[in-house]
Amino acid sequence: MTGVNVSAQPMAPHPRSFARAAGLFAIWLLLVAFIVYPLVMLLLRAFLADGGFTLDALFAALKSTSNLRALRNSLLLAFLVGAAGTLVGLAFALALDRANLGPRTARLIDGLTFLPLISPPFTTSIAFVFSFGPRGLITYDLLGIKNSQMYGLTSTFAAETLTYFPIAYLALRPMLASISSNFEEASFSLGGSRWHAFRTVTIPLIIPALANAFLLLFGCSLADFATPLILAGSDFSVLPTEAYLQITGMFDLRSGAILSLLLLVPAGLVFYAQERVVAGRSYVTVTGKASASARRDSLSTGAKVALLTFCVLTVALILYFYALLFWASIVQAFGANQTLTLDHYRVIFTEGLPAIKDTLIVAIIGMPLGGLYGIIVGYLIGRTKFVGRRAMEVVSMLNYALPGTIVGIAYLLAFNDKPLALTGTATILIACYVFRYSPTGIRTTIALLQQIDKSMEEASASLGASNLVTFRRVMLPLILPAFFAGLGVVFIRSMTAISATIFLVSIDWTLITVKILENMTEVALGPAAAFSVFVIAVVVAVTGLLNVALRRMTAPSLRISRIGT
Amino acid sequence: MAKSLEIRLRGISATFQHESRGDITAVKDLDLIIQPGEFLTLLGASGCGKTTTLRMIAGFQQPSAGEILFDGANVTNVPANRRDIGFVFQNYALFPHLSVFENVAYGLRIKRQNAAKIDAGVEQGLRQVGLQGLGGRMISELSGGQQQRVALARAIAIKPRVLLFDEPLSNLDAKLRVEMRSEISRLQEELAITTVYVTHDQEEAMAISDRIAIMNEGRIVQIGKAEELYRKPVSRFVAGFLGNANLVRGTALAADGGRVTLDIVGHRWTVATDATVTIGSVVDAVVRPEAISLSRSDGALPGIVEGRVFLGEKAEYRIRTGDLELLVVQWNPTAGELLAAGDTCSVNLPAAGVQLLV
Ligand SMILES: Nc1ncnc2c1ncn2[C@@H]1O[C@H](COP(=O)(O)OP(=O)(O)OP(=O)(O)O)[C@@H](O)[C@H]1O
Ligand SMILES: [Mg+2]
């Protein structure tokens, strides 16, 4: 017996044990049940009639002028939001990276851009109504306009831009920071003006990042349900709201399914384009050291002042909206009776209590499940080899990449009947959030694993540790930040998201966001504002706690930036 | 202290499957015996298979053929965590989430030793590498040299029977490298643990090892003490790898009792050798640059200085003599001895300074 092996594979970090096989099987089972199966059901419902495959319904939907208008409106809105949001994001990135702000000011502005990201989706919309609506603070009280016509493209566009520009900022700033100011200085020292250096050096280098930011925002706006529902009005319909009305108003599941699938075409194109952009990004010099370089002097004083003014005004607007929201939650009747009161809070903690309880239960159960699911799937994809790994990666991202309306309708169709009759339960809400929002945890885990050299595991093995011990004592602590990131995102989204779960709530299990929507349609603005304030407070508190725990429990060298984005 | 362990590699190979380039055999049918307590260095150019060999000894990688014996016991299929080894990585591979103390204690905790023993073990490990009192620091709070020491302490704390090093000093600056290598050498002697050390720095290898195995393209081409390799290289490759070498080719004119007379570009050189050389055969010989001396007076072998680099304690020349260009090193040249480009000189060569490659 000469111990001859077929090949010199590095020894697998874990034996092909029964446990791992069982784990893989369980994950696949979940992925199939909660991602593949609902989507298949959606497609079947849309394209299967009288036992055969047919595109009739699709063609019929495409013939309807109202549907075509919704499609066109969706694309127009998404394009505008993408373009404007990217510009605003760029302004913030430039101001914070290149305008030599003091660290305090920078941190303050940076922190405030975070606010729209963790707020319920309608916060901005509600504040818009308070500000510009028929009894709005600005339109009615300040300008004396009696019958303000605020609903439509303009306000939807403005509200979405304010809500989503931080995403562009977050995508652009690291890119901008990674471009060594040496490039700009080189061009500058060759006699070009600052503007010339910016135009010929910086802009070409960040074009991929700009394109990426645009596509991100395009996708967000395309999928946004809450803002248009409140602000678009009846003349400016978009696909997600149309699909929702078809299903809840007309009980026409099939048309709803078809409409949501119309959304899939642009969403798919955006996703594809984004992959291309990210793949072609490589020529940006990401050294990781550049951000530490000394003062950057690539902006002229005039440009700095202009940028700063713009950012401060934008931040002021955000602050004004949140102040307004808070104010509306503590006065009798916003716009009519400004007497201070806690009535609205009394309402949400009595009549609204079931929704608060349900939401917290769903969020608290979903949070650890999502965190765990994220690091397990991330570890499997990022560190182990098995047949179908790539497929698992793609499938696990699907519910995240798809607009919430599609996911919601698919769940509605799939879990209404046996074998998985979950409609009306908490399970369906939790599953929806876990499988839709854990991909952040998965991605963070994979990214962290890429930073952790294989030699770390080998070192542990050489010291006598078994694979299980190595995983528990070395790998797990090192990917803990990803776990926290996963927890944070699942919790925040469970508290704030609505586009998918609006189709899944029931009499037994409802959500705060749905309650806010009801309040808005009943013009019970006070409770809507109080609910919003409550959600924001809870989310801020929980993410704060998670960030503290993260800092306490993880290695300084392997920190991720912050939770919740 | 446990008796030192002998490592035997018997015909081991390592093959990697590459998607694009087909299979790569990084180590080819390699035989090697490492004596108990020995400090053996694998020396070779980048990509010659040193790391792969070391990783197979550690058990991080399975050989595609052959077997590995520890004290006669076949460990080929024993996983790394049961081979009782200490491994020091090029990048240290310290656990960033643990303190210095916990890094060093890691292996002891795995062995489930009690708290007192762990404290004592860590304390001793840190003392051995000169880091006493730094146990509470985090890894990120250490300098590169200190991290290197922690990696060493962590590896020796478990009192392994084999110590393996993969270019442990390559991330340190030159001065620290010299300091650390003598510490590693001292520690190894003290602990008498069988050690395999990988480097591509010939000076480091010569300074630190009992024996050096020179590798090329997945094979060991020569193994021996530093001096043996230097004085009796078996090939041009070995000669070129340890120090500098001039390669010359000549015809044997006469041979008697350990001395051979060669005709090299028309000049007669007498060379000492153990080998038997047939008269009339063409043989290769290595001449060390530092074995040649130059003088201004006329001699048997006239030369001309083609180039000179003055380096303070020595001067390096390129000397042309007939068709031959020789690299010559002159140690401690006085102002009078120093030659300039274009000067003529005579080249003198002691018989012991030439090594035949036969
Ligand atoms: N995991 C791997 N997969 C594929 N090929 C590999 C792998 N590891 C090493 N090789 C190849 O095997 C050969 C020997 O590699 P090895 O790492 O042993 O070289 P080395 O002598 O340690 O070199 P260096 O001095 O650069 O560290 C190289 O050609 C290398 O490309
Ligand atoms: Mg190597």
Side-chain angles (χ1 to χ4, degrees), chain A residues 1-17 375 383 385 390 448-484 549-560, chain B residues 10-17 23-27 52 55-56 58-68 74-77 79-98 103 106-111 138-141 151 154-155 157-158 160 164 166:
Chain A
M1 181 69 214
T2 46
V4 175
N5 291 59
V6 188
S7 75
Q9 293 297 333
M11 276 201 187
H14 15 197
R16 284 166 203 288
S17 61
I375 58 166
R383 213 37 163 224
K385 285 195 176 137
R390 186 73 194 129
L448 270 180
L449 285 171
Q450 279 167 354
Q451 292 175 44
I452 302 171
D453 199 274
K454 200 98 183 54
S455 61
M456 214 76 85
E457 284 161 275
E458 290 171 352
S460 172
S462 76
L463 294 165
S466 67
N467 300 315
L468 195 66
V469 172
T470 300
F471 181 76
R472 192 164 53 79
R473 299 183 66 157
V474 178
M475 298 313 283
L476 208 54
L478 291 180
I479 56 180
L480 209 58
F483 178 66
F484 281 104
L550 179 69
R551 213 160 323 137
R552 285 266 170 87
M553 293 172 66
T554 57
S557 56
L558 284 169
R559 262 181 208 149
I560 51 167
Chain B
R10 221 185 255 161
I12 57 164
S13 301
T15 306
F16 293 104
Q17 281 126 16
D23 289 359
I24 285 188
T25 305
V27 174
T52 308
R55 289 168 54 81
M56 288 192 287
F60 297 150
Q61 199 160 330
Q62 280 262 291
S64 46
E67 50 191 13
I68 298 167
N74 189 342
V75 296
T76 319
N77 292 317
N81 60 335
R82 279 190 260 124
R83 286 198 188 182
D84 212 359
I85 52 163
F87 201 109
V88 181
F89 293 84
Q90 183 168 10
N91 64 357
Y92 314 147
L94 296 170
F95 305 127
H97 60 300
L98 300 179
N103 263 278
Y106 188 89
L108 304 175
R109 291 205 191 283
I110 303 270
K111 289 188 171 174
M138 289 308 283
I139 298 303
S140 52
E141 297 164 351
R154 184 179 68 177
I158 55 168
L164 304 171
D166 189 6

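Within every chain, numbering begins at 1; the chains are lettered A, B, ... in the order of the sequence lines, protein sequences first and strands thereafter.
- Contact between B/I110 and A/A465 at its shortest, heavy atoms only, is CD1-CB, 3.4 Å.
- When all heavy atoms of A/L478 and B/P96 are compared, the closest pair comes out as CD2-CG, 3.5 Å.
- Only the side chain of B/I158 has a heavy atom closer than 4.5 Å to any heavy atom of chain A.
- Under the rule for a side chain to side chain donor-acceptor pair (under 3.5 Å), the partners of A/S455 that lie at least two apart in sequence or sit in another chain are A/D453, B/N91.
- Note that the OG atom of A/S466 and the CZ atom of B/R82 stand 9.0 Å from one another [nearest 0.5 Å].
- At a 4.5 Å heavy-atom cutoff, the contact between B/R154 and chain A is made by backbone and side-chain atoms alike.
- Contact between B/Y106 and A/V469 at its shortest, heavy atoms only, is OH-O, 4.3 Å.
- Residue pairs meeting the side chain to side chain donor-acceptor pair (under 3.5 Å) criterion with at least one partner in residues 470-482 of chain A, sequence neighbours excluded, are A/S460-A/T470.
- Neither the backbone nor the side chain of B/L108 comes within contact range of chain A; no heavy atoms are under 4.5 Å apart.
- Residues B/F89 and A/E458 are in side-chain contact: their nearest non-hydrogen atoms beyond the backbone lie under 4.5 Å apart.
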